K.L.:
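Attaching a single structure in structure tokens format; questions to follow.
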Amino acid sequence: MRSYIAVEIDGVLSPYGGPASAGHTVHDVESAAWRDWAAMVYPRPRGLRLALDPAVGRALADLPADLVLVSSYAPGELVPLLPALGWDAVPPVVPLRHTGAVHYLRPDDPGRSPDAESELRWRTEEIASWAQTHDRPVAWVRAGDHHEREVRSAARRMYGTVGPLLPYAVDPAAGLTAGDLQALRAWVREMDGLPEPAPVAPRRCRDCAARGTVVLDGRRVDRVHAECGSCCECYCPAPADDVFLPCGDLARQQCPDCRCCQVCVGCHCDDERW
């Protein structure tokens, strides 16, 4: 199963917090997200610089996986940096609805990034949601290890994925190293051995006529139940939800107390959520 490498720039391709590594040269960068953040933090206008090594970018792009960016930079802002990044074109960017304009996201620097913990939680949900819609393994490469806990939490809550989601931590002072590249290459080879997920052709729900799938226990499945012919949203509402009506001809298969379809998901009377 072919993998994605979802890489951030800050602390991964551009190290910070230590002396510039050999091969890295400093480049001035234009970034709208940076300007908005810097205007709130610094009393005077301040430019942005990145330390980049094209050899690192080329080695990353040479991994046998599909490279995508997790970044607040607009693709056009990265085009002038392509030679320094070692790329021929800007890779696809993971859509970040909530944190796409958050330039400085460093939980280890709460003085200048006081909302970093909550912002990182948002970003984790964005990455996990994106991975959930792409049935392939995803390695999220980020500076520091704060995202490891968040990924585990997101997986427990609601973001099950078909392919594994690996939160890979990089030392921001060193950036992406040869050891990191070797570890990612080994992970990609391991993921290549996973079987391709079986395609799912979703049926039309007998109640709302919608089609859709969901990920359960690492498998993508049809949301329409094979026996009752409906998705759970149609036949298994919460007890206090007045919008939905009983199951109609399947009312006899509902629990009389919690109204959940016992064919779909069973009785929820003992579930604390209800």
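Owing to the predicted nature of the structure, the values given are computational and were not obtained by experimental measurement. Side chains included, hydrogens not; waters and symmetry mates left out as well; all remaining heavy atoms used.
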K.L.:
At their closest point, which heavy atom of H146 faces which heavy atom of P107, and how far apart are they?
P.N.:
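It is CD2-CB, 3.6 Å.
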K.L.:
Out of curiosity, S153 OG to E125 CD, how far, rounded to the nearest 0.5 Å?
P.N.:
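Taking OG in S153 and CD in E125, the distance rounds to 8.0 Å.
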K.L.:
Give the minimum heavy-atom separation between I5 and L63, together with the two atoms involved.
P.N.:
CG1-CD1, 4.4 Å
K.L.:
Do you know the tightest heavy-atom contact between V138 and A6?
P.N.:
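Answer, listing the atom of V138 first, then A6: CG1-CB, 4.2 Å.
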K.L.:
So how far is it from D88 CG to L82 CG, rounded to the nearest 0.5 Å?
P.N.:
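These two atoms lie 8.0 Å from each other.
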K.L.:
My understanding is that only residues two or more places apart in sequence, or in another chain, count here; which of them pass salt bridge (Lys or Arg N to Asp or Glu O under 4.0 Å) with R58?
P.N.:
none
K.L.:
From E150 CD over to W122 CH2, what is the distance, rounded to the nearest 0.5 angstrom?
P.N.:
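It comes to 12.5 Å.
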K.L.:
Could you tell me whether the side chain of D66 reaches within less than 4.5 Å of the side chain of R136, counting heavy atoms only?
P.N.:
yes
K.L.:
Give a yes or no on whether D28 atom CG has more than 12 heavy-atom contacts from other residues, nucleotides or ligands under 6.0 Å away.
P.N.:
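Count over threshold, so yes.
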K.L.:
Under 4.5 Å between any side-chain heavy atoms of L85 and L13, yes or no?
P.N.:
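A side-chain contact exists here, since the closest heavy-atom pair is under 4.5 Å.
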K.L.:
side-chain contact (heavy atoms from CB on, under 4.5 Å) between L69 and L78: does it pass, once the steps are laid out?
P.N.:
CA-CA 11 Å; L69 283 181; L78 295 176; 3.5 Å; yes
K.L.:
Measuring from H27:NE2 to S14:OG, what's the distance to the nearest 0.5 Å?
P.N.:
9.0 Å
K.L.:
In this structure, would V102 and V151 fall into the same cluster of hydrophobic residues linked by side-chain contacts under 4.5 Å?
P.N.:
yes
K.L.:
E119: which residues meet the salt bridge (Lys or Arg N to Asp or Glu O under 4.0 Å) condition with it, sequence neighbours left out?
P.N.:
none
K.L.:
Let's go through W140 and W130 carefully: what are the C-alpha distance in whole Å and the side-chain angles of both, what is the deciding distance for side-chain contact (heavy atoms from CB on, under 4.5 Å) to 0.1 Å, and is it a yes or a no?
P.N.:
CA-CA 11 Å; W140 177 18; W130 181 83; over 6 Å; no
K.L.:
Would a single hydrophobic cluster contain both V7 and Y16, if residues Ile, Leu, Val, Met, Phe, Trp and Tyr are joined by side-chain heavy-atom contacts under 4.5 Å?
P.N.:
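Different hydrophobic clusters.
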K.L.:
Which donor-acceptor pairs under 3.5 Å do side chains of residues 184-199 form with protein atoms, sequence neighbours excluded?
P.N.:
none

K.L.:
Just do the side-chain contact (heavy atoms from CB on, under 4.5 Å) check on V56 and V12 with the steps written out, would you?
P.N.:
CA-CA 10 Å; V56 173; V12 179; over 6 Å; no
K.L.:
Give the minimum heavy-atom separation between S72 and E77, together with the two atoms involved.
P.N.:
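Distance-wise, the nearest heavy atoms are O-OE1, 4.4 Å.
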K.L.:
We want to know whether T99 and E126 form a side-chain donor-acceptor pair, criterion being a heavy-atom distance below 3.5 angstrom.
P.N.:
yes
K.L.:
Please report the closest heavy-atom contact between V200 and D222, naming both atoms and the distance.
P.N.:
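That would be CG1-N, 3.8 Å.
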K.L.:
Are R123 and E8 within salt-bridge range, i.e. N to O under 4.0 Å?
P.N.:
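Looking at E8 together with R123, the answer is yes, because their closest N to O distance falls below 4.0 Å.
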K.L.:
If you draw a 6.0 Å radius around CZ in R2, do more than 12 non-hydrogen atoms from other residues or ligands fall strictly inside?
P.N.:
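Buried by this count: over 12 neighbours within 6.0 Å.
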K.L.:
With rounding to the nearest 0.5 angstrom, report the CH2 to CG distance, W87 to L81.
P.N.:
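Between atom CH2 of W87 and atom CG of L81 there are 9.5 Å.
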K.L.:
Donor-acceptor pairs are to be reported for all side-chain atoms of residues 32-40 against protein atoms at under 3.5 Å, with residues two or more places apart or in another chain.
P.N.:
residue, atom, partner, partner atom, Å
W34, NE1, R46, O, 2.9
R35, NH1, E30, OE1, 3.3
W37, NE1, R112, O, 3.4

K.L.:
Are the charged groups of D10 and R142 less than 4.0 angstrom apart, N to O?
P.N.:
no
K.L.:
Could you check if a side-chain atom of P75 sits within less than 4.5 angstrom of a side-chain atom of V93, using non-hydrogen atoms only?
P.N.:
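They are in contact (side-chain heavy atoms under 4.5 Å apart), so the answer is yes.
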K.L.:
Do you reckon Y73 sits in the same ILVMFWY cluster as V79, going by side-chain contacts under 4.5 Å, direct or chained?
P.N.:
yes
K.L.:
Kindly list each side-chain donor-acceptor pair under 3.5 angstrom involving residues 164-173, sequence neighbours excluded, with atom names and distances?
P.N.:
residue, atom, partner, partner atom, Å
Y168, OH, D180, OD1, 2.7
D171, OD1, A173, N, 3.1

K.L.:
Give the intermediate values and the outcome of side-chain contact (heavy atoms from CB on, under 4.5 Å) for residues C205 and R223.
P.N.:
CA-CA 8 Å; C205 173; R223 292 182 66 168; over 6 Å; no
K.L.:
Throw together a table of side-chain donor-acceptor distances under 3.5 angstrom for residues 211-219, partners on residues two or more places apart or in other chains.
P.N.:
residue, atom, partner, partner atom, Å
R211, NH1, P202, O, 3.1
T213, OG1, R220, NH1, 3.0

K.L.:
Atom CG of L176 and atom CG of L60: how far apart are they, to the nearest 0.5 Å?
P.N.:
6.0 Å
K.L.:
Could you tell me which non-hydrogen atom of I127 sits nearest to which non-hydrogen atom of V70, and how far apart they are?
P.N.:
CD1-CG2, 3.6 Å
